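As the structure is a computational prediction, the values presented were derived from the model and not from experiment.
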Amino acid sequence: MSPALAIVVAASLALGSAAGCGGADVDAPETPPPKACKRVDDHLARLHELQATGQLTHLADAVGGRLPDDARRDLLAAVLRLLGGFEEGTFSALAPVLDVLGEADGEGLQPTLGRVLRYVAVDSPAAPYPAALHDLRAILSTCEGAPVLGLLRRALEDDALVDALVAALGEAGGLADALDGLTFEGEDGREALRLLLRNLLVAASGPDFDVRTVIDLLALIVDVEASPWAELAGGLERLLGEEPGKSALRGLLVCVREVDPDVALGPLLYDVLAAGILTLPSDGGAGADGGATTGADTAPYRALLADALGFLEGDAPARRALATVGVELLRDDVAQGVLADLATLLSSEALTDVVEVLVLLATGTCEALP
């Protein structure tokens with residue numbers, strides 16, 4: 001069973017027990033009575049096609065054969081707790097967002113992440129970055145996750161920051177040009193960015209570290225007085241200028257320095273940014289008609305993600321389960337194939353179909369999903 005199908009099965013167990021009785025944490029069925037809908041397999045046709053053509057083999061083998069039984073059990077238990085904890089109305093609010101995402105036509109977050117993963121796993125001359133994978137495993141195993149997850153949750157709740165980030169990614173071509181001309185401590189290109197990041201990690205250990213250190217280093221690459229970077233810098237000041245954001249960032253950077261003192265992640269980050277593939281269109285990638293979907297328009301989708309991050313922030317067993325799974329999937333002997341399969345899964349946007357099924361299950365829109 002694929003990870004996505006496992007989630008759908010978990011959802012049917014978690015949501016089905018409460019749907020129809022107005023459970024406190026899920027959406028109750030609406031009146032008039034729900035209509036009959038197509039089967040789950042029909043909803044997940046894109047996912048089944050990927051499986052049938054062998055495009056998810058590495059991922060399926062790693063999840064089915066590599067993960068310890070207790071890790072799979074803990075992950076499924078975490079999914080059940082997550083799905084049972086969403087507040088009423090969360091999923092029904094997603095329906096219009098899914099309609100817009102369906103018109104994305106290959107743009108937006110999923111295809112962008114797919115391009116990045118494929119570049120890291122296959123397309124880059126340095127793929128699959130074994131030193132960076134080693135350090136990512138160490139970060140997952142070592143660094144405290146709850147403060148970072150809380151930081152991400154608060155970032156998603158800041159409309160202006162999200163809009164500024166999307167706009168900045170929409171100018172990734174300009175960022176690639178800026179990186180090409182980057183010089184720092186007598187070095188340029190990849191080495192200059194690595195040294196710049198090393199200075200950031202060192203600064204995090206000092207008593208005077210604050211968000212201005214991050215913005216000043218960013219100013220070495222782009223013009224933080226010009227839009228959209230000025231808006232992004234303002235958002236970073238809101239997020240990281242006060243507690244708990246400041247402590248969360250500092251704790252993460254200190255931990256990263258301990259496990260990655262040579263900043264092996266630097267070359268990977270430089271290559272991804274310089275390749276110009278980490279881009280989102282200015283409308284957030286949600287519609288071919290150019291309609292904006294940042295800010296309030298994506299609020300239901302971001303609220304769902306924020307709730308999920310909040311759950312992980314407060315659930316230590318779930319964090320441990322995800323960290324265990326992440327470490328196993330990033331092992332040197334499986335990571336390249338797993339990342340390539342994840343790239344295929346994201347590029348196909350099949351995960352949108354999985355979310356659609358979760359919406360139908362949670363809201364009681366359909367009489368049955370056989």
Side-chain angles (χ1 to χ4, degrees), residues 1-16 37-80 82-83 91 94 98 101-123 127-128 133 285 304 308 321-322 324-362 365-366 368-370:
M1 179 182 294
S2 73
L5 285 177
I7 291 173
V8 172
V9 171
S12 66
L13 294 173
L15 300 175
C37 291
K38 58 185 180 182
R39 300 178 306 135
V40 168
D41 286 347
D42 294 329
H43 281 285
L44 301 179
R46 285 188 288 190
L47 180 61
H48 287 304
E49 176 66 18
L50 293 176
Q51 290 181 297
T53 55
Q55 298 183 69
L56 301 180
T57 300
H58 297 97
L59 179 60
D61 289 347
V63 172
R66 183 87 190 204
L67 294 182
D69 290 341
D70 57 347
R72 280 195 297 270
R73 182 177 61 252
D74 292 345
L75 180 62
L76 180 59
V79 171
L80 289 170
L82 169 63
L83 293 171
F91 285 97
L94 278 178
L98 287 174
L101 289 176
E103 301 169 2
D105 194 23
E107 301 296 338
L109 183 59
Q110 285 186 71
T112 296
L113 292 177
R115 287 193 298 270
V116 170
L117 288 181
R118 186 164 302 283
Y119 182 83
V120 170
V122 179
D123 293 341
L133 290 177
L304 178 70
L322 284 178
T324 299
V325 171
V327 167
E328 292 300 327
L329 297 185
L330 291 175
R331 298 289 183 192
D332 288 337
D333 56 338
V334 299
Q336 186 169 30
V338 166
L339 292 177
D341 284 2
L342 284 173
T344 298
L345 181 63
L346 289 165
S347 297
S348 73
E349 300 185 78
L351 292 182
T352 301
D353 301 334
V354 176
V355 176
E356 181 182 36
V357 171
L358 296 183
V359 170
L360 294 176
L361 287 167
T365 302
C366 297
L369 287 171

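- Evaluation of the side chain to side chain contact (heavy atoms under 4.5 Å, CB included) rule for Asp70 yields Pro68, Arg73 as partners, not counting sequence neighbours.
- Taking Asp332 as the reference, Arg137 meet the salt bridge (charged side-chain N to carboxylate O under 4.0 Å, His left out) condition, with sequence neighbours excluded.
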List, one per line, each side-chain donor-acceptor pair under 3.5 Å for residues 55-63, sequence neighbours excluded.
unit_1	atom_1	unit_2	atom_2	d
Gln55	NE2	Thr53	OG1	2.8
Thr57	OG1	Gly54	O	3.0

Exercise. So Leu47 and Leu345, side-chain contact (heavy atoms from CB on, under 4.5 Å) or not? Walk me through it.
Worked result: CA-CA 8 Å; Leu47 180 61; Leu345 181 63; 3.7 Å; yes

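- Take Ala335 and apply the side chain to side chain contact (heavy atoms under 4.5 Å, CB included) test, not counting sequence neighbours, and it matches Leu133.
- Listed here is the closest heavy atom pair of Val120 and Ala127: O-CB, 3.1 Å.
- Taking all atoms of both residues into account, the shortest heavy-atom contact from Ala321 to Leu75 is CB-N, 4.0 Å.
- With sequence neighbours left out, the side chain to side chain contact (heavy atoms under 4.5 Å, CB included) criterion links Asp42 to Lys38, Arg39.
- Just one of Arg46, His48, His43 meets the side chain to side chain donor-acceptor pair (under 3.5 Å) condition when paired with Asp353; it is Arg46.
- Between Leu50 and Ser348 the shortest heavy-atom distance is CD1-OG, 3.4 Å.
- Put simply, the side chain of Ser347 never gets that close to the backbone of Thr344: no donor and acceptor are under 3.5 Å apart.
- Here the shortest heavy-atom pairing between Pro128 and Ala121 reads CB-O, 4.1 Å.
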Report all side-chain donor-acceptor pairs from residues 324-331 shorter than 3.5 Å, counting only partners two or more places apart or in another chain.
unit_1	atom_1	unit_2	atom_2	d
Thr324	OG1	Arg320	O	2.9
Glu328	OE1	Arg66	NE	3.3

